Amino acid sequence: MAKVNEFFGINVFGDSVMKERLPKETYEILKSTIKEGKSLDSSIADTVAEAMKEWAIEKGATHYTHWFQPLTGITAEKHDSFITPTDDGHILMEFSGKELIKGEPDASSFPSGGLRATFEARGYTAWDPSSYAFIKDKTLCIPTAFCSFSGEALDQKTPLLRSMEAINKQALRVVKALGYKDVKRTNTTVGPEQEYFLVDKELYDKRPDLIYCGRTLIGSMPPKGQEMDDHYFGVLKPRVAEFMRELDNELWKLGVLAKTEHNEAAPAQHELAPIFTTTNIAADHNQLTMEFMKKTALSKGLVCLLHEKPYEGVNGSGKHNNWSISTDTGVNFLKAGKNPFENKLFLVTLAAVIEAVDKHQDLLRIAVATAGNDHRLGGNEAPPAIISIFLGEDLTDLLDSIANGVHYDALKREKMKMGTDVIPEFKKDNADRNRTSPFAFTGNKFEFRMLGSASSISDTNVMLNTMVADVFCDYAERLENAKDIDAEVNNIVKDCITNHKRIIFNGDGYSKEWEKEAKKRGLLNLSSTVDALPLLKTKENIALFERHGVLGRAEIDSRVDIILENYSKIIHIEALTLISMMNRDVIPAITAYANTLCEAVNNKNVIGVDNSVEYELLSRLTAANREIFTLTSSLKNAVASAERSADTFEKASEYRNNILSIMSDIRKYADSAESVMPNDYWPYPTYGDLLFKI
Ligand code: ADP
Ligand code: MG
């Protein structure tokens, strides 16, 4: 087998290919476009397109597509072939600069929340030269943004790019004010750790809930769950190891920096973490990672479940968004270094993140709001829906001491007296207390852990970038006007701690006491998508996004609409699936087994043997069946009523308030029936089968 360095990135039109294949001048222009995040100089587009096409055709590509991320959360592509007929009946393989830069997909089938109707009938896609083109399935894929003709964002990438510009603008002011003279550009960086489940394809095919909803709607717990903790970092099963190997290879060919793969807490749960990179590339790569996880699994007779909560009672899946920001000269804003007390950039950035997170808890919660993730937030393994920041004791002490005007040396002496070392470097803390925090400082970056496994990382980073940009803007103003920079940095930290300390919490984020304490501190606890989403439309939030040119009012309105609509649609499908499973499989199965029991009761009655067990089982099961039958028909009515509601918010509220609870009642009875029914009467593979037979 070839060595990794021989095939890493072979399917990417990346820097080295560009350098090799483009005229020097064109290459230089393109490179500076990419570096400075500018839009492409159209005069070089034809040359770039020609080189790209030649390269792609040599690699066997026949088609090209503008690859984009509509608000459905997955990627979309419309394939066109390079073929153009000539007058003499031959064909030419053509691809022009115009086709590279701009495409016009038939946008009518993508959600726009009314945007396209209000503005223009159609949308267009535009090349994002900062994310490299690549080949997959014999198709040249060109990463693009997707907008309406009047420029409103219809996708995830556009606001992400805008937010990167917004934070760059303010971060540059901050670094300049702090004396970093040669910095031309700053970039936010992200490393998203992706969790997922694998399940055997044959078993999957027997579960309509997995097929239609990506999660189980019923299923009683097997005797063994994850309590033994023997899965985490355990030895990989051969089939899983093979899957991971192939997945790595596929991703490496696409230049995705897949790095660590290991088991997760639950049986059949795993994680893939890439090496971090620039945010928009990380976002594109994460989409590709999810796509290839599904594809590669199928080729091994497995199915990859990206749903946040495929199994009740078992750990859910998230996506840890590791976030930082660095300069083009290689300085990481969040690297404390040997002397954090004197690292002004570090202190200012830390303060900015703390202030931003406290002020905009709502935005972080909104960024992760989906029907799937609601099952996870507040569950016992994941961060609760309360946002707080973990800094660790050392860092908290450090900020406190600055806020209290205690000098570095004094703290050092104090600490030495207590026999502890002074915080020279903040090591990543693996302690459990840290793992329960939704937003943790982990060494040289912040790790936001609330994001769901199936979501794009875009929204989360749009929020993070914009809210930190906003605070940076204030700080930059202060630093630019300061007579004494050192004193101003201290003032910034002091003000931050004085006003925003409530968001810092180093204790157990899963405990009941924390929920009470958080309430006392006035922190938000938005337990569902329906509670969170409307807050995106507050005056303050609209002003924030407009101030930094990230989203306009109409774009925000449309997003809220789309997300709520999506929420309702998902629960609608789940409810219909559950109704059909009950009516067609579960009720008949219980009836069939009840029949058998009935015969036993009668037969034993005739010969006068004790039939009390059969009788007892029979009455329990028929009672459960009665409940399931009644609840299923209530569910049907509740769905019909929700579907009649014309307002998106009202509809989503009905789904949340009425439908989910009936579904969980049905589940209770179905699960209790399952736990006493023989295997050959139960219509579906059990949790035990799904989780342990791989
Ligand atoms: P853990 O599971 O303990 O959180 P991992 O090593 O699995 O740790 O994941 C850490 C992630 O953080 C990796 O994707 C890594 O590349 C990323 N990361 C490290 N430094 C930075 C940084 N400066 N900016 C963004 N992400 C980073
Ligand atoms: Mg992590």
Side-chain angles (χ1 to χ4, degrees), residues 160 163-164 167-168 171 175 185-196 229 231-234 236 244 247-248 251-252 255-266 269-290 293 315-337 340 343 345-346 349-350 352-353 381-383 389-392 425-451 453 457-458 460-461 463-465 468 509:
L160 184 61
S163 75
M164 289 169 69
I167 191 168
N168 172 51
V175 290
R185 163 120 203 142
T186 65
N187 271 311
T188 46
T189 51
V190 168
E193 301 161 56
Q194 175 75 47
E195 293 181 339
Y196 60 95
D229 272 333
H231 185 70
Y232 198 63
F233 289 127
L236 295 176
M244 287 184 178
L247 177 61
D248 278 343
L251 292 175
W252 287 336
V256 176
L257 295 155
K259 184 158 160 72
T260 41
E261 306 239 14
H262 60 78
N263 289 350
E264 264 302 320
Q269 191 187 29
H270 310 279
E271 179 191 290
L272 180 148
I275 296 171
F276 71 95
T277 178
T278 316
T279 310
N280 68 320
I281 297 175
D284 286 355
H285 282 182
N286 182 251
Q287 291 302 131
L288 281 174
T289 301
M290 293 194 285
M293 279 177 167
N315 255 14
S317 296
K319 185 140 43 190
H320 292 179
N321 191 83
N322 293 275
W323 180 96
S324 189
I325 172 166
S326 61
T327 67
D328 56 351
T329 55
V331 180
N332 177 355
F333 285 45
L334 285 170
K335 190 170 161 59
N343 186 342
L345 183 58
F346 171 70
T349 309
L350 206 55
V353 173
E381 104 283 349
I389 298 182
F390 171 88
L391 290 180
E425 258 182 290
F426 299 103
K427 288 260 149 47
K428 187 158 78 174
D429 191 331
N430 276 325
D432 274 348
R433 59 199 171 121
N434 153 330
R435 281 216 243 150
T436 64
S437 171
F439 200 101
F441 182 76
T442 46
N444 57 358
K445 58 186 159 77
F446 273 102
E447 179 170 344
F448 181 46
R449 297 165 171 153
M450 266 193 184
L451 188 52
S453 48
I457 64 168
S458 295
T460 285
N461 289 290
M463 303 300 186
L464 277 171
N465 293 346
V468 176

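FYI, side chains are in, hydrogens and waters are out, and symmetry mates aren't considered; it's all heavy atoms of this structure. Atoms within each ligand, like the ligands themselves, are counted from 1 in listed order. No experiment lies behind these values; they were computed from the predicted model shown.
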- ligand 1 versus Ser324: contacting region, heavy-atom distance under 4.0 Å: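 Both backbone and side chain.
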- Query: Which is it for Asn332 and ligand 1 at heavy atoms under 4.0 Å: side chain, backbone, both or neither?
  - Reply: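 Side chain only; the backbone of Asn332 stays clear of ligand 1.
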What do you reckon, does [X] have a nitrogen or oxygen under 3.5 Å from a nitrogen or oxygen of ligand 1?
X: Thr189; value: yes
X: Glu193; value: yes
X: Phe276; value: yes

- Query: What residues form a side chain to side chain contact (heavy atoms under 4.5 Å, CB included) with Thr327, not counting sequence neighbours?
  - Reply: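 By the side chain to side chain contact (heavy atoms under 4.5 Å, CB included) rule, Thr327 matches Val175, Val183, Thr186, Thr329, Val331, Phe333.
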- From Ala258, Ser326, Pro274 - option closest to atom 15 (C) of ligand 1 by heavy atom: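 Residue with the shortest heavy-atom distance to the ligand atom: Pro274.
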- Query: NE2 of His285 to CG of Leu257: how many Å apart, nearest 0.5 Å?
  - Reply: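 Reported value, rounded in 0.5 Å steps: 7.0 Å.
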- Message: Any non-hydrogen side-chain atom of Leu464 less than 4.5 Å from a side-chain atom of Phe446?
- Response: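 Contact flag for Leu464/Phe446 side chains = no.
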- Query: Looking at side-chain heavy atoms only, is the closest gap between Val468 and Thr349 below 4.5 Å?
  - Reply: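 A side-chain contact is absent here, since even the closest heavy-atom pair is not under 4.5 Å.
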- Message: Pairing donors with acceptors under 3.5 angstrom, does anything connect the side chains of Thr460 and Asn321?
- Response: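 No pair is found: no donor N or O on one side chain lies under 3.5 Å from an acceptor on the other.
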- Item | Thr188-Thr279 side chain donor-acceptor pair, cut-off 3.5 Å |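 Yes, Thr279 and Thr188 have a side-chain donor paired with an acceptor closer than 3.5 Å.
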- Task: Within a distance under 4.0 Å of any heavy atom of Ala273, pick out the atoms of ligand 1 and give their elements.
- Result: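 Matching atoms, with element in brackets: 7 (O).
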- Pull out every atom of ligand 1 sitting under 4.0 Å from any heavy atom of Ile275, numbered as shown with elements.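 In order of number, 16 (O).
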- Where does the angle between the aromatic ring planes of Phe448 and Phe439 fall among parallel (under 30°), tilted (30 to 60°) and perpendicular (over 60°)?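 Ring orientation, 0 to 90° scale: tilted.
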- Query: With a 4.0 Å cut-off on heavy atoms, does Glu447 reach ligand 1?
  - Reply: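 True for this residue.
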- Query: Glu271 near ligand 1, heavy-atom distance under 4.0 Å?
  - Reply: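 In this structure, Glu271 qualifies as a contact of ligand 1 - some heavy atom is under 4.0 Å.
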